[in-house]
Amino acid sequence: MPLRIAVLPGDGIGAEVTTQAVKVIATIADCFRHEIVMREYPVGGVALKTHGTPLPEETLSACQASDAVLFGAVGSPEHDDNPPPMKPEAALVQLRLGLGTFANLRPAVMHPALIDCSPLRPECIQGADILIVRELTGGLYTSDPRGIDATPRGRRGINTMAYDEAEIERIARIAFQFARQRRKKLSSVDKANMLEVSQLWREVVTRVSADYPEVEVEHLLVDNCAMQLIRRPRDFDVILTENIFGDILSEEVAAVLGSIGLLPSASIGEGVSLYEPVHGSAPDIRGKNLANPIGAIGSVALMFRHSFHLHREADHIESAIWRVLDRGYRTPDLARDGAWVSTEEMGDLICREIRRAVEERPC
Ligand code: NAD
């Protein structure tokens, strides 16, 4: 049976980095003789123009019928003033809910060759290897009530952070399972000193932890975690947190590692999984062939590992990324001495490196 991948490039640099990720998938398919069918579907601002909605029904049903989804990014300044359901970003929440992808895995590893790209001192950041497990379908982004009301004192904006026990328990179990396979340390991040929803979060995580006695658990307030990630990033293994805290903390981790363009992600849950770089559509650099495609290409490695269970292929992609960086190639976000390669060149370098390694060690 061929592997069917729904490809949703989206807006801005989402489309540019997805093109490179697609090239890598085609290279792997060719090198390992896999039959892979990739089909593109509109999403975000692109879909608003062609279909009048950020997530056309055809796109959602194609994703639900695929073996995996490759996603670029959505968002475009021309739609910034649209009402919330008509913003390109509305597609993100609808897609996550439509696929039931409640767990977002964001691995963040400090590559030794990029140590000078981090704003932190080398002895502080060297060897950092963090997995952020972010809850993706609940919390502030999806809970009701929400909206803007008219009141006698003027308009009032409302959003709600709500989690039920089952939602907390299922994401906690995912995080504990990953922690068990890693360095067996889990940092659960909340705001339990101020929020009832966080008090419940902490209580449920503590209860679930009894089933994973080999995993050491710490509870951190989100503001303290933001500080500790800068002070002692190497001490973190798995970070478990809710939706908006995870959104913000993972951008901090990306900056600590050198660039947001490096970070991949996998969104897993009840059915088909979705793979996307952590970054957005970056309107400031779109169309200039400047975007770093490594986050998108790393997301393809996660796809091969988690959705297709093709670990050797995933390893080849990740090793190729590391070797290209080892040889000194940098996109502009990482370049320190003025020399850089374009988005497309970085994609080509990684594809060539995969081919070279496979030819050297044929299966
Ligand atoms: P952003 O991640 O798009 O960009 C932040 C900064 O990082 C920019 O300076 C950008 O140039 C840089 N950057 C991002 N990705 C890069 C890459 N691969 N290589 C090099 N530099 C990179 O965040 P933003 O500017 O806050 O948001 C822009 C748009 O993206 C908004 O419409 C936002 O809603 C949307 N967004 C979408 C997603 C998503 O689709 N998953 C995620 C975040 C933001």
Side-chain angles (χ1 to χ4, degrees), residues 7-21 41-48 54-55 59 63 69-97 99 101 104-106 108 114 117 119 132 134 136-137 141 243-244 246-267 274-300 321 325 329-336 340-347 350:
V7 179
L8 279 54
D11 306 318
I13 67 162
E16 298 168 45
V17 297
T18 301
T19 302
Q20 307 314 311
Y41 298 92
V43 73
V46 168
L48 274 168
L55 183 66
T59 300
C63 292
V69 178
L70 176 66
F71 189 92
V74 291
S76 173
E78 66 191 285
H79 299 295
D80 276 352
D81 296 330
N82 290 10
M86 294 300 277
K87 283 185 188 290
E89 292 85 344
L92 287 170
V93 172
Q94 290 168 22
L95 197 53
R96 289 164 185 168
L97 292 173
L99 294 174
T101 50
N104 185 222
L105 313 176
R106 300 185 154 190
L114 297 183
C117 297
I132 297 177
R134 167 189 170 199
L136 201 58
T137 50
Y141 295 167
N243 208 339
I244 193 170
D247 196 4
I248 296 167
L249 290 178
S250 52
E251 299 240 346
E252 182 186 351
V253 170
V256 158
L257 293 188
S259 169
I260 193 170
L262 292 167
L263 255 60
S265 87
S267 300
L274 180 146
Y275 300 86
E276 58 173 322
V278 164
H279 62 76
S281 58
D284 53 336
I285 56 167
R286 72 174 165 196
K288 296 180 178 160
N289 208 8
L290 297 177
N292 187 341
I294 287 179
I297 294 172
S299 303
V300 169
I321 292 172
L325 292 173
Y329 292 106
R330 304 279 184 271
T331 40
D333 52 323
L334 298 171
R336 290 291 172 270
W340 52 267
V341 296
S342 68
T343 309
E344 226 174 292
E345 285 166 329
M346 183 54 94
I350 293 169

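Here, residue 1 is the first one in the sequence, and each next residue gets the next number. Read the numbers this way: they start at 1 and go in the same order the structure lists the ligands and their atoms. In what follows, every heavy atom counts, from backbone to side chain, and hydrogens, waters and symmetry copies are set aside.
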Validation row: [X], [Y] side chains within 4.5 angstrom (heavy atoms):
X    : Y    : value
N243 : L136 : yes
I244 : Y141 : yes
N292 : P277 : no
L325 : L114 : yes
L55  : V43  : yes

Starting from [atom], locate the nearest protein heavy atom and write down its residue, its atom name and how far away it is, to 0.1 Å.
atom                    : result
atom 44 (C) of ligand 1 : G280 CA, 3.5 Å
atom 39 (C) of ligand 1 : L92 CD1, 3.8 Å
atom 35 (C) of ligand 1 : V74 O, 3.1 Å
atom 3 (O) of ligand 1  : A282 N, 2.8 Å
atom 19 (N) of ligand 1 : N292 N, 2.8 Å
atom 10 (C) of ligand 1 : D284 OD1, 3.4 Å

Numbered atoms of ligand 1 (with element) below 4.0 Å of [X], judged on heavy atoms:
X    : result
G261 : 17 (C), 18 (N)
A291 : 19 (N)
E276 : 41 (N)
A73  : 40 (O)

Item to check | ligand 1 contacted by G295 (non-hydrogen, < 4.0 Å) | outcome: no
Any N or O on [X] sitting closer than 3.5 Å to an N or O of ligand 1?
X    : result
S281 : yes
D80  : no
V278 : no
E89  : yes

Checklist entry - Does a side-chain N-to-carboxylate-O contact under 4.0 Å join E276 and R96? => result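 A salt bridge links E276 with R96.
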Please list, one pair per line, the donor and acceptor atoms closer than 3.5 Å that link side chains of residues 84-94 to other protein atoms, with sequence neighbours excluded.
{"from": "K87", "atom 1": "NZ", "to": "D80", "atom 2": "O", "distance (Å)": "2.3"}
{"from": "K87", "atom 1": "NZ", "to": "N82", "atom 2": "O", "distance (Å)": "3.4"}

Item to check | D11 and S281: CA distance, side-chain angles, deciding distance, side chain to side chain donor-acceptor pair (under 3.5 Å) verdict | outcome: CA-CA 6 Å; D11 306 318; S281 58; 5.7 Å; no
Next on the checklist: Please check this pair: side chain of E344 against backbone of Q20, looking for a donor-acceptor N/O pair closer than 3.5 Å.
Outcome noted: no
Next on the checklist: Tell me if a side-chain donor or acceptor on R286 pairs with a main-chain N or O of I13 at a distance below 3.5 Å.
Outcome noted: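 Flag not set: sc R286 to bb I13 has no pair under 3.5 Å.
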Going by the closest heavy atom to [atom], which one wins out of [options]?
atom                    : options              : answer
atom 28 (C) of ligand 1 : P332, P283, G75      : P283
atom 13 (N) of ligand 1 : I260, L262, L263     : I260
atom 16 (C) of ligand 1 : D11, I294, I13, D247 : I13

Checklist outcome for this item: Sequence neighbours excluded, the answer for salt bridge (Lys or Arg N to Asp or Glu O under 4.0 Å) partners of R330 is none
Checklist entry - Quick one: does ligand 1 sit under 4.0 Å from the side chain of I285, the backbone, both or neither, non-hydrogen atoms only? => result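 It is the side chain that gets close, since no backbone atom is under 4.0 Å.
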Checklist entry - Has D284 got more than 12 heavy atoms of other residues, nucleotides or ligands less than 6.0 Å from its CG? => result yes
Checklist entry - Distance below 4.0 Å between atom 25 (O) of ligand 1 and any protein heavy atom? => result no
Checklist entry - Any protein heavy atom sitting closer than 4.0 Å to atom 6 (C) of ligand 1? => result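 Flag for atom 6 (C) of ligand 1 set to false, no protein heavy atom closer than 4.0 Å.
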Checklist entry - Can you name the nearest heavy-atom pair linking G72 to T18, along with the distance? => result CA-OG1, 3.3 Å
